[in-house]
Amino acid sequence: HHFAVTTKSKEAQRYFDQGLVLAYAFNHKEAERAFREAARLDPQCAMAWWGVGLVLGPHVNAAMKPEDAPKAWEAITKAKQLAPKASTKERDYIAALSTRYAQQAPADRAKLDLAYANAMRELSKKYLDDVDAATLFAEAIMDTMPWNYWLPEGKHQPLTPELLATLEAVLAKAPQHPGANHLYIHAVEAGPTPQKGLPAADRLRDVAPGAG
């Protein structure tokens, strides 16, 4: 999987791509190491610090750790400082992620998580052909209601239809996308039609076998 970022270092680009695939696999600690290595190889790469900030945040399987809040703030601050060297789209990614964190982290992250989901919705609308923007938007929706996309008797939460439509649109364009396949499995497994996740599971088996 490849996500082109502004860097003159081929190795930094490779580590960035590795970090993103590991993030999509929920292998967040290894993803952070990869993004930090990209930043070491190219200290001017804004998106490397975006990646660090991304994976320090909350995710489907766990809430954000309090000790990670200042690290995430530091990472997104560095990304913003380097943003003028990046492309317009990269600056938009950084601006969207900056809505997810606060210098003084609140005990209740609900407003920040929703703000990030809303920002990613707008970003995915702006870049309609960007499957990563859409995938990250879908994940942001999921992070507002982790493991709670479905109600009893097969009914869904208000944002679940948008979540499913977003992931299905990505998979129609990019069937091998490592993030969209992974997220889709989790999005449907507790619903009335979990079998919809089987094709994604079959694809995911061979898409990124080393991602954990």
Side-chain angles (χ1 to χ4, degrees), residues 20-32 51 53-69 71-73 76 93 96-102 105-125 131-172 174 177-205 207-208 211-212:
L20 190 58
V21 172
L22 289 166
Y24 285 146
F26 297 172
N27 199 340
H28 297 93
K29 288 297 181 184
E30 290 302 317
E32 182 185 353
L54 176 73
V55 297
L56 284 170
H59 54 90
V60 169
N61 284 339
M64 187 174 184
K65 296 178 181 177
E67 62 267 28
D68 285 340
K71 297 177 187 176
W73 180 256
I76 196 61
Y93 266 84
L97 188 64
S98 70
T99 65
R100 197 184 199 193
Y101 303 118
D108 183 355
R109 285 195 45 83
K111 288 184 179 179
L112 290 175
D113 291 338
L114 184 59
Y116 174 56
N118 289 335
M120 287 307 301
R121 178 186 289 108
E122 294 308 308
L123 190 143
S124 66
K125 287 180 180 178
V131 291
D132 288 298
T135 299
L136 291 166
F137 166 47
E139 184 176 24
I141 293 176
M142 295 172 80
D143 289 339
T144 67
M145 49 176 180
W147 296 107
N148 193 30
Y149 323 119
W150 297 94
L151 300 169
E153 300 175 0
K155 296 180 181 179
H156 57 71
Q157 295 280 19
L159 288 176
T160 301
E162 185 178 19
L163 164 64
L164 297 176
T166 299
L167 290 173
E168 287 166 358
V170 172
L171 292 172
H177 193 285
N181 279 291
H182 188 187
L183 294 171
Y184 192 70
I185 294 165
H186 290 311
V188 301
E189 64 189 345
T193 55
Q195 66 273 20
K196 285 186 174 182
L198 287 171
D202 287 336
R203 288 190 295 267
L204 196 61
R205 180 190 297 114
V207 164

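The figures that follow rest on heavy atoms only: side chains count, while hydrogens, waters and symmetry mates do not.
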Looking at CE of Met120 and OH of Tyr93, how far apart are the two atoms once the value is rounded to the nearest 0.5 Å? 5.5 Å
Minimal non-hydrogen separation, Ala180 against Val170, with atom names: CB-CG1, 3.5 Å
Validation row: Met145, Thr160 side chains within 4.5 angstrom (heavy atoms): yes
Minimum-distance pair of heavy atoms, taken over all atoms of Pro58 and Asp143: O-OD2, 3.5 Å
Please name the residue in the list Leu112, Leu56, Leu54 that meets the side-chain contact (heavy atoms from CB on, under 4.5 Å) test with Arg100. Leu54
Quick one: are Arg109 and Tyr116 in side-chain contact, heavy atoms under 4.5 Å? no
Atom CG of Asn118 and atom CZ of Phe137: how far apart are they, to the nearest 0.5 Å? 8.0 Å
Which atom of Trp147 lies closest to which atom of Val60, heavy atoms considered: NE1-O, 3.1 Å
Is it the case that the side chain of Trp150 and the backbone of Ala187 share a donor-acceptor pair, with hydrogens and angles ignored and the cut-off at 3.5 Å? yes
To the nearest 0.5 Å, what is the distance between OG1 on Thr166 and CG on Leu183? 11.0 Å
Minimum heavy-atom separation for Asp113 to Thr144, with atom names? O-CG2, 3.8 Å
For a quick test of reading the model, state the closest non-hydrogen atom pair linking Ala174 to Val131 and the distance between them. CB-CG1, 4.2 Å
With no hydrogens and no angle check, is any side-chain donor or acceptor of Tyr149 less than 3.5 Å from a backbone partner on Leu163? no
Interatomic distance, Tyr184 atom OH to Leu204 atom CG [nearest 0.5 angstrom]: 14.0 Å
Are Glu32 and Lys71 within salt-bridge range, i.e. N to O under 4.0 Å? no
Taking all non-hydrogen atoms of both residues, which atom of Leu97 and which atom of Tyr101 are closest, and how far apart? O-CD1, 3.9 Å
Does the pair Val207 and His182 meet the rule for a side chain to side chain contact (heavy atoms under 4.5 Å, CB included), with working shown? CA-CA 10 Å; Val207 164; His182 188 187; over 6 Å; no
Rounded distance (nearest 0.5 Å) linking atom CG of Leu167 with atom NE2 of His177: 10.0 Å
Using modelled atom types and a 3.5 Å cut-off, is there a donor and acceptor pairing between side-chain atoms of His28 and backbone atoms of Phe26? yes
Spell out, as yes or no, whether a donor-acceptor pair under 3.5 Å connects the side chain of Asn27 to the backbone of Ala211. yes
CD-CG distance between Glu30 and Leu22, expressed to the nearest 0.5 angstrom: 7.0 Å
